[in-house]
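Written below as structure tokens is the structure these notes are about.
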Amino acid sequence: MEIVIVANADAAGTVVADIVDHAVRSGATTLGLATGSSPQSVYRELARRHRDEGLTFAGLQAFLLDEYIGLPEGHPESYAQVIRRDLVDHLDLDADRVLGPDGAAADPFATAIAYDEVIVANGPVDVQILGIGANGHIGFNEPTSSLKSRTWVTTLSEQTRRDNARFFESPEDVPRHAITQGLGTICDARYLVLIATGEHKATAIAAAVEGPLAAVCPASVLQMHPHATVVVDSAAASRLRLTDFYKTVADHKLQT
Ligand code: GLP
């Protein structure tokens, strides 16, 4: 795993945007998109490069990590709407090629299985962007989720509901369930890039990067992936022990 430590959220966004930019210009066809606050600096930078530097996303396929269950279609906080607002509206990505699980479907269990099959049929995802929850979740795979899970119906922890309450009018409005790509599904991607900023992510980052591989910290599954990069600002890196080593690696990186 590669650990990149930068000064702040904007710098982290630029590093991840560089990775996506390089992949897209080198022929990537499929992107995995995360929602939440963490990737917003990435998406702002990608939108700028599209606008100012001709970076094109035309023809690319994109898959969302997850979706709340039970929000009516078109709800502003559904992840389908969030990604449209935060990213798709600002790029030349074809909106019909940005797929996510349908959280309003009558049968979420069948929907989860079908979504996994679509990802497998169109995958692998070339670059998967990830955030991390304060409890170490990725997608909506909460602590103790199977490290090999496929896309599934999950129950949100109270911590995650509290953390996400800021997006809703009242805390009770945060759905209790979601469809999320499983950890096995996520790890099918060729390249995982996780971005985390802020002191409130420091404990989760330390557990994911330097703790044991354990379902109690779902993001620790990145330790098993052959190509994973974790991009953090100094606040999110503040509980890491091996920061000197990560800086040494970054300063002496051999280019392929
Ligand atoms: C949310 C999403 C995750 C996201 C995480 C962190 O619940 N399901 O995909 O990475 O929690 O969110 P944020 O980036 O807003 O802190």
Side-chain angles (χ1 to χ4, degrees), residues 8-10 12-13 16-17 31-45 62-71 75-87 98-101 103 108 112 115 119 125 127-143 145 149 151-168 171 173-183 185-187 189 192-205 207-209 217-222 228-233 235-237:
N8 54 45
D10 281 344
V16 178
L31 296 178
L33 302 175
T35 40
S37 332
S38 306
Q40 283 180 356
S41 58
V42 181
Y43 296 159
R44 274 197 304 274
E45 178 61 13
F63 290 104
L64 299 192
L65 273 178
D66 47 12
E67 182 60 275
Y68 291 114
I69 290 177
L71 295 180
H75 188 288
E77 291 311 323
S78 70
Y79 283 166
Q81 292 299 316
V82 171
I83 203 70
R84 182 185 59 70
R85 277 198 309 272
D86 285 358
L87 186 66
V98 180
L99 299 181
Y115 186 59
I119 296 171
V125 166
V127 181
Q128 174 65 59
I129 298 169
L130 296 167
I132 184 171
N135 64 0
H137 76 245
I138 54 176
F140 270 129
N141 295 279
E142 297 281 30
S145 299
S149 47
T151 303
W152 63 302
V153 172
T154 175
T155 304
L156 305 194
S157 70
E158 287 306 315
Q159 179 178 356
T160 296
R161 293 185 70 234
R162 274 197 303 277
D163 287 348
N164 289 2
R166 65 189 191 280
F167 297 114
F168 291 82
D173 293 345
V174 183
R176 288 195 174 277
H177 300 98
I179 299 173
T180 182
Q181 286 190 35
L183 296 171
T185 316
I186 292 168
C187 286
L192 303 181
V193 186
L194 188 149
I195 178 168
T197 57
E199 216 278 326
H200 61 301
K201 297 293 174 70
T203 301
I205 284 295
V209 172
C217 179
S220 69
V221 77
L222 267 69
T229 298
V230 173
V231 182
V232 284
D233 68 356

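Whatever order the structure lists them in is the order used to number ligands and atoms, beginning at 1. We count residues from 1, following the sequence as given.
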Mind checking whether Ala34 contacts ligand 1 via backbone (N, CA, C, O), side chain (CB onward), both or neither, at a 4.0 Å heavy-atom cut-off? neither
Could you tell me, atom by atom, which parts of ligand 1 come under 4.0 Å of a heavy atom of Asn164? 1 (C), 7 (O)
Atom 3 (C) of ligand 1: which of Pro39, Ser37, Gly139 has the nearest heavy atom? Gly139
Ion pair present between Arg44 and Asp10, side-chain N to carboxylate O less than 4.0 angstrom? yes
Compare all side-chain heavy atoms of Pro76 with those of Arg85 and state whether any distance is below 4.5 angstrom. yes
If you measure every N or O of Arg166 against every N or O of ligand 1, does any of those distances drop under 3.5 Å? yes
One finds that the ligand 1 atoms under 4.0 Å from a non-hydrogen atom of Gly131 are 10 (O)
If the cut-off is 4.0 Å to any non-hydrogen atom of Phe140, which atoms of ligand 1 fall inside it? 7 (O), 8 (N)
Is there a polar contact, in the sense of an N or O pair closer than 3.5 Å, between His137 and ligand 1? yes
What are the atoms of ligand 1, with element, lying closer than 4.0 Å to any heavy atom of Asp66? 2 (C), 8 (N), 9 (O)
Ligand 1 atoms in contact with Ile132 (distance to a heavy atom under 4.0 Å): 6 (C), 10 (O)
Check Tyr68 against ligand 1 and report side chain, backbone, both or neither, counting heavy atoms closer than 4.0 Å. neither
